[in-house]
Amino acid sequence: MNEALETYIKGHPIVTIFRNEENLYTVLRIKVEETNIEFKEKEIVVIGYFPHVYEEETYIFYGKFQEHPKYGRQFNVTHVRKDIPKTKQGIIQYLSSDLFKGIGKKTAESIVDLLGENAISRILENPSLLDTIPKLSADKAKTIYETLVEHQGLEKIMIGLNELGFGAALAMRIFQVYKDETLEIIQSNPYRLVEDVEGIGFSRADELGSKLGIQGNHPDRIKAACLYKLDADCMQEGHCYLEKSEFVFSVKQMLESTQPIEIPLEDIEVELLKLEEEGKVVSKEDRVYLASIFYSEKGLVNNIKRILDQKEFAESFPESEFLLALGELEDRLGIEYAPSQREAIQTALSSPMLILTGGPGTGKTTVIKGIVELYAELHGCSLDPKDYKKDEVFPFVLAAPTGRAAKRMTESTGLPAVTIHRLLGWNGSNTFDFNEENPIEGKIIILDEMSMVDIWLAHNLFKAIPDHVQVILVGDEDQLPSVGPGQVLKDLLAADLIPTVRLKEIYRQESGSTIIQLAHSIKNGKLPEDLKKPQRDRSFISCSTSQIPEVVKQVVGHAVNKGYTSKDIQVLAPMYRGPAGIDQLNKILQGIFNGKNDSDKKRRELKFGDVVYRVGDKVLQLVNQPEKNVFNGDIGEVVSIFFAKETEDKTDQLIVSFEGTEITYTRQDLSQITLAYCCSIHKSQGSEFPVVILPMVRGYYRMLRRNLLYTAITRAKDKLILCGEEESFQIAVNQTDVNFRNTTLTERLLKKMVPIKEQNQEVEITNDALAISYEEALMNTDPMIGMGDITPYDFMEEQEKVNEG
DNA sequence: TGTCCAAA
């Protein structure tokens, strides 16, 4: 990074507005002394990750301006550097400041007189120079040296890290973790970086290790390899555990791939055992878990049991009262709930927990609406938060894993909904304000898009759910799995211990939709025979990867001639790169929908990187802006462009309208949006479009998967145009094991909750919804879920252990 | 090879 070219603000802190000591996230107000950009304010708020800063010191903050929706203009700092005074006057002022206790102006002057303008670095190099200063006591000399070391320490560490080959950003992250001990720790065991610092992998640490002479089967090297491999495989593949023998072997390969030494398997097993003793991994039978994931699975199971064990909801109101209220609601909303939807609402209101699942268009949203309305009716409480006094708890808690899903919940229910992170009070370093000791408040908790929740978040969520609440989990198990490890919704359904209602009928499409038939067929692993035959609502165009741009161009051109606009048509693709990738298709599509022709030479456009934005462009928001009600995944349209000379702030501005909500972007914010004529299937999750154009070709080879195809197809409301090779569709349908995730959640739930059944004896369980035998439970388990060869005997053994403990 | 959350 070239600091000379970066925007900086030099100044000293006036007040610390916020500081998270755990990860050093800091919000400061500073007094501006100097900057290399046009900026006239005397003060500015800077945010970033800083070491401890002192009001007496001057710092140079490198970064860029940003507009915070609530707190206004602020400077987002990438790295900070201390300003070491260079002039005689500056050094005298510095040394005589309050920072150096007992040092006055006279002493400071004599130091600078004797040691010159680089007095500070000379003292740091050789503290005995201070002995030469007349009338300076040993005590004061010591104070000066120690204060200097303390305050210049960061500089030294940064330089040290630089010499080890770390750039500014990574160096700061390392410093955040180790603080003053940074260099000592890295010198003695560079492999600790793998564990402690995000963004440093095994190979990086191993290079460092080699330089420092740590090689071969050194325990630190092996341990780091184990932890890295376990973490990387779980995070990348979504596993909650790895098979031990395979795992140990892959670690061996990794260790041997860079050094010509054979590492015995036993050595790896020894270190793995040590890691277990240190509490970093958990090994059970032939499975190896990261400790955090192991305890997440376990904790989630305990908390689900705790919530399911609540019996108080079963008879909270008579059925007649429910039916009466339901009838009134149907009249009021002018709809009629289908039997399965009624069942869902009733179960939700009379059980501690419900899973509501079903594909797109099956009416999950309508059911959620029904649940909250009827809850309010039957419990005689208001749905308006304003009707509640300060100390009264609003009973309805609605949350979802993404900002956009939460926004949709708000739109469909009229109730406040937040992201799960916000609900739990995420504080930036993987911990939450709300937990078992400080649970969230509410009476009924509804969680949407549960398929996107990973095992770790699910655990943190459930442990913060208090007793005496009802929990409703909503989601579609066939959609893309969570980013993080686990497949919580799928596993909970497989265990079949939580009351579940599956919505199957489609209400959204007209009857006879062949798109839904196609989706069903793909969900079940088959391509229909009529895939390539034109249907009323879908068609198929055969072509290869290289033909995709031309085919998409023609199809879209045709649609535009028929009167469709860019709002109606969405092209979906699985990946960004390549000739049929999203980037390439967006360029072509922009040309069709919003191209530049001779007649509008004066058309306004703003160039940003490779992209030229024009008024009328369809764009996609990439980050959440909750205060502005715009979220990651929202699609909008560029409505106007203003050039720097026309605006008050003298910056280029681009205005985007998201269904009426207008947002202004300056150049710095433009990385928050991208062209959206074509977007990734992942990003499209949770949206629907009248017309979907879906290429599926060999060029997407690595991404061809059944749930991806299913997700893409189910985005189409009216028309679906498939293009590509039938073979690629077939490959996608067949690819299910790539998504296979090793988890033991289902198994744990069954162990914990299915009581031991005496031979041929009926199980007595008071709650009917929970009445289920092992055999039934195991039958219900999808073989894909990863139960392995579990027999009822396995459960008994574990149950006995639990009883003993 | 693609995807999430965010502090006054």
Side-chain angles (χ1 to χ4, degrees), chain A residues 13 15-29 45-50 66 68-76 198 232 235-238 399-407 418-434 447-458 460-461 479-488 572-578 580-583 620-627 631-633 672 674 678-687 698-705 707-709 711-712 732 735 738-739 741:
Chain A
V15 59
T16 303
I17 299 168
F18 175 82
R19 182 166 169 86
N20 179 338
E21 279 302 336
E22 263 181 74
N23 66 359
L24 307 186
Y25 174 79
T26 309
V27 182
L28 289 177
R29 175 171 292 280
V45 170
V46 299
I47 60 154
Y49 298 84
F50 310 140
Q66 66 178 31
H68 192 284
K70 208 155 123 200
Y71 307 110
R73 196 175 202 201
Q74 49 186 226
F75 197 67
N76 191 340
E198 214 184 299
M235 295 307 157
Q236 271 163 31
E237 313 288 328
T402 66
R404 207 155 54 97
K407 179 179 166 182
V418 291
T419 63
I420 295 174
H421 282 77
R422 201 162 258 229
L423 175 69
L424 297 176
W426 198 76
N427 58 29
S429 50
N430 284 355
T431 56
F432 295 99
D433 293 340
F434 291 96
L447 300 154
D448 201 358
E449 296 285 5
M450 273 302 288
S451 60
M452 297 162 97
V453 175
D454 66 30
I455 186 71
W456 182 81
L457 186 61
N460 280 284
L461 172 64
Q479 288 210 21
L480 299 166
S482 57
V483 176
Q487 42 183 23
V488 176
L572 298 175
M575 53 198 270
Y576 287 92
R577 277 180 282 177
I582 293 163
D583 294 334
L620 179 76
Q621 172 78 13
L622 297 168
V623 295
N624 284 348
Q625 295 269 25
E627 286 85 359
F631 295 89
N632 185 352
Q672 291 182 13
T674 179
C678 178
C679 80
S680 73
I681 298 172
H682 279 91
K683 282 262 183 238
S684 75
Q685 193 163 2
S687 300
R698 299 298 302 239
Y700 302 149
Y701 188 72
R702 269 173 284 223
M703 293 298 291
L704 297 175
R705 260 151 236 193
N707 55 3
L708 200 76
L709 182 57
T711 302
Q735 289 294 336
V738 266
N739 295 323
R741 294 183 167 202

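Note: hydrogens, waters and symmetry copies are ignored here, and every other heavy atom, side chains too, is used. Proteins get letters first, then strands, A, B, ... in listed order; numbering begins at 1 in each. Since the structure is predicted, the reported quantities are computational estimates derived from the model, not experimental observations.
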Atom pair distance, as rounded to whole Å: [atom1] in [X] and [atom2] in [N]:
X: L572(A); N: dT1(B); atom1: CG; atom2: P; answer: 20 Å
X: L423(A); N: dA7(B); atom1: CG; atom2: P; answer: 14 Å
X: F432(A); N: dC5(B); atom1: CZ; atom2: P; answer: 12 Å
X: I582(A); N: dG2(B); atom1: CD1; atom2: P; answer: 7 Å
X: L704(A); N: dG2(B); atom1: CG; atom2: P; answer: 13 Å
X: M452(A); N: dG2(B); atom1: CE; atom2: C1'; answer: 12 Å
X: L480(A); N: dG2(B); atom1: CG; atom2: C1'; answer: 9 Å
X: L620(A); N: dC4(B); atom1: CG; atom2: C1'; answer: 14 Å

Consider the side chain of [X], meaning its heavy atoms from C-beta on, and name the nucleotide among [options] that approaches it most closely.
X: M703(A); options: dT1(B), dA8(B), dT3(B); value: dT1(B)
X: Y71(A); options: dG2(B), dA8(B), dA6(B); value: dA8(B)
X: W426(A); options: dA6(B), dT3(B), dT1(B); value: dA6(B)
X: N632(A); options: dC5(B), dA8(B), dT1(B); value: dC5(B)
X: H682(A); options: dG2(B), dA8(B), dT1(B); value: dG2(B)
X: V483(A); options: dA8(B), dT3(B), dC5(B); value: dT3(B)

What heavy-atom pair brings [X] and [Y] nearest, and what distance separates the two atoms?
X: M452(A); Y: P401(A); result: CB-CG, 3.7 Å
X: Q625(A); Y: Q672(A); result: NE2-OE1, 3.1 Å
X: Y700(A); Y: A580(A); result: OH-O, 2.6 Å
X: S451(A); Y: Q479(A); result: OG-CB, 4.2 Å
X: A458(A); Y: V453(A); result: N-CG1, 3.7 Å

With a 4.0 Å cut-off on heavy atoms, is [X] in touch with a base, just the backbone sugar-phosphate, or nothing at all?
X: N624(A); value: sugar-phosphate
X: Q74(A); value: base
X: Y700(A); value: nothing
X: P481(A); value: nothing
X: G425(A); value: nothing
X: R422(A); value: sugar-phosphate

Is the distance from OP1 or OP2 of [N] to the nearest side-chain N or O of [X] less than 4.0 Å?
X: S482(A); N: dC4(B); answer: no
X: T419(A); N: dC4(B); answer: no
X: Y576(A); N: dT3(B); answer: yes

How do M575(A) and L622(A) order along DNA chain B: which one's closest nucleotide is nearer the 5' end? M575(A)
Aromatic ring proximity F432(A)/W456(A), centre distance under 6.0 Å: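 Yes, the ring centres sit under 6.0 Å apart.
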